[in-house]
Amino acid sequence: MFRSPNRFDVTATRVFTLAPQTVQVMKTLKNPVRANAFFVGTSRSSEVARQQTEDLLNEFSRLSDKFTYRFIDPELNRSLAVQYDVEDYPSVIFEDVVESRLETIRTVSEQHFVTGILVATGAKQKNIYFLTGHKGASVTRDFSTGALHEDGFDYALEGMLRDNYSVHPLNLVQVTEVPSDAAVLIIAGPKQMVSKQQREKIDAYLKAGGRLMALFDPDTQDSFLELLSPWGVTIGKLSIADAVSNVAGERLTPLLQKTNGQYFTSGETGIAVVDGIDVTFFPQVASVELALP
């Protein structure tokens, strides 16, 4: 085991597996980065946070020999606490050793730690914007009970944040254009029409090379469907039905399975996005046709 160490994450939710974006960030570090973790072990909660921090930093260090970390007790090493201007504990300060850039993080999570590394190294996070103001999918979590509405966009947003994207709502009534730093604009399940002025802003963004993820239901307003038609895509207003491959006899919920040959693997297409998917079901999805050959 010492000569050939191998690790396997057998947890159902991949607790000990870092996101692919995290792996990419760590493997592309140009300068040495050091994490300075300032902890004062005075309580049980502090000990738990320290262990979680050490576990996460250790995972990071396994990915790159340019990443190191150390734990510092500010009460025993006051000079370092003063040097890094640390006043609140616990704090993890990510440091670009060459450029001497610092970023302080006080939340123990993979997402926040990667953000700290990106800021310290001068790299940029990809910005994702999702359109608001049209009664589309949005955040629905009740902060008092934690309950979610079934039409909520919460899990998708939390997933993007965990994958180290920076996610922002975008109301085109309040801005003059789609931000130029948008890696993608998401329009999810809009229920109200989009005005001509807002369509022009989206169209200008797309014509300038922007990317759009359109998640449209069968009853989507024509004004949104017309947004895609110049790009050769026609979205239908009826749901797709599948009499053979469906969920529990519900024809309006088509089911795709890799075992049925309904997914191509990256070996066949070079696209790995569905390699980890075995079964997917699509409740009440709209038809999609190409307007051009």
Side-chain angles (χ1 to χ4, degrees), residues 19-21 111 124-142 148-241 252-254 256 263 271-274 277 280-292:
Q21 288 80 0
Q111 173 211 337
K124 293 183 178 180
Q125 282 182 289
K126 289 187 176 181
N127 291 306
I128 295 178
Y129 292 86
F130 66 97
L131 191 66
T132 63
H134 303 279
K135 291 192 175 181
S138 61
V139 176
T140 62
R141 185 182 295 278
D142 186 320
L148 296 175
H149 192 275
E150 62 180 8
D151 293 330
F153 206 42
D154 302 76
Y155 289 133
L157 293 175
E158 291 170 5
M160 288 184 282
L161 291 172
R162 281 197 306 271
D163 285 344
N164 308 311
Y165 293 104
S166 182
V167 186
H168 314 273
L170 178 66
N171 191 323
L172 288 177
V173 175
Q174 301 171 348
V175 298
T176 58
E177 61 182 8
V178 177
S180 59
D181 65 352
V184 64
L185 172 64
I186 299 175
I187 305 177
K191 297 292 188 295
Q192 295 180 336
M193 66 176 294
V194 59
S195 68
K196 179 181 178 181
Q197 292 77 11
Q198 294 179 50
R199 281 177 52 191
E200 290 174 349
K201 295 175 185 179
I202 298 173
D203 196 50
Y205 163 73
L206 294 176
K207 289 180 178 177
R211 296 176 174 90
L212 173 68
M213 176 178 284
L215 308 176
F216 289 171
D217 295 318
D219 58 351
T220 299
Q221 294 282 336
D222 288 340
S223 58
F224 275 105
L225 302 183
E226 293 166 1
L227 182 66
L228 298 183
S229 59
W231 300 92
V233 179
T234 301
I235 308 294
K237 298 183 75 66
L238 298 177
S239 296
I240 294 178
L252 296 183
T253 305
L256 300 183
Y263 279 116
I271 301 174
V273 67
V274 298
I277 300 177
T280 309
F281 58 91
F282 299 87
Q284 296 187 359
V285 289
S287 62
V288 180
E289 298 179 19
L290 297 179
L292 300 173

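All of these numbers come straight from a predicted model, not from anything done at the bench.
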Just how far is it from atom [atom1] of [X] to atom [atom2] of [Y], taken to the nearest 0.5 Å?
X      : Y      : atom1 : atom2 : answer
Ile202 : Phe224 : CD1   : CZ    : 6.0 Å
Gln111 : Gln21  : CD    : CD    : 11.5 Å
Asp217 : Lys237 : CG    : NZ    : 11.0 Å
Gln197 : Leu172 : CD    : CG    : 11.0 Å
Arg211 : Tyr205 : CZ    : OH    : 7.5 Å
Leu238 : Asp219 : CG    : CG    : 10.5 Å

**Request:** With the side chain counted from C-beta on, respond yes when Asn171 and Val175 share a heavy-atom pair under 4.5 Å apart, and no when they do not.
**Result:** no

Could you pull out every donor-acceptor pair under 3.5 Å between side chains of residues 227-236 and any protein atom, sequence neighbours left out?
residue	atom	partner	partner atom	Å
Ser229	OG	Glu226	O	2.9

**Prompt:** Just wondering, more than 12 heavy atoms not from Phe281 lying within 6.0 Å of its CZ?
**Reply:** no

**Request:** Over all heavy atoms of both residues, which pair between Pro218 and Ser239 is shortest? Give the atoms and the distance, please.
**Result:** CG-OG, 3.3 Å

**Donor-acceptor pair, side chain of Thr132 and main chain of Leu170, under 3.5 angstrom** = yes

With a cut-off of 3.5 Å and sequence neighbours excluded, list every side-chain donor-acceptor pair involving residues 179-195.
residue	atom	partner	partner atom	Å
Asp181	OD1	Tyr129	OH	2.9
Asp181	OD2	Asn127	ND2	3.0
Lys191	NZ	Gly189	O	3.3
Ser195	OG	Gln198	N	3.2
Ser195	OG	Gln198	NE2	3.2

**Complete:** Hits for side chain to side chain contact (heavy atoms under 4.5 Å, CB included) against Glu177, two or more places apart or cross-chain, chain-then-number order -> none

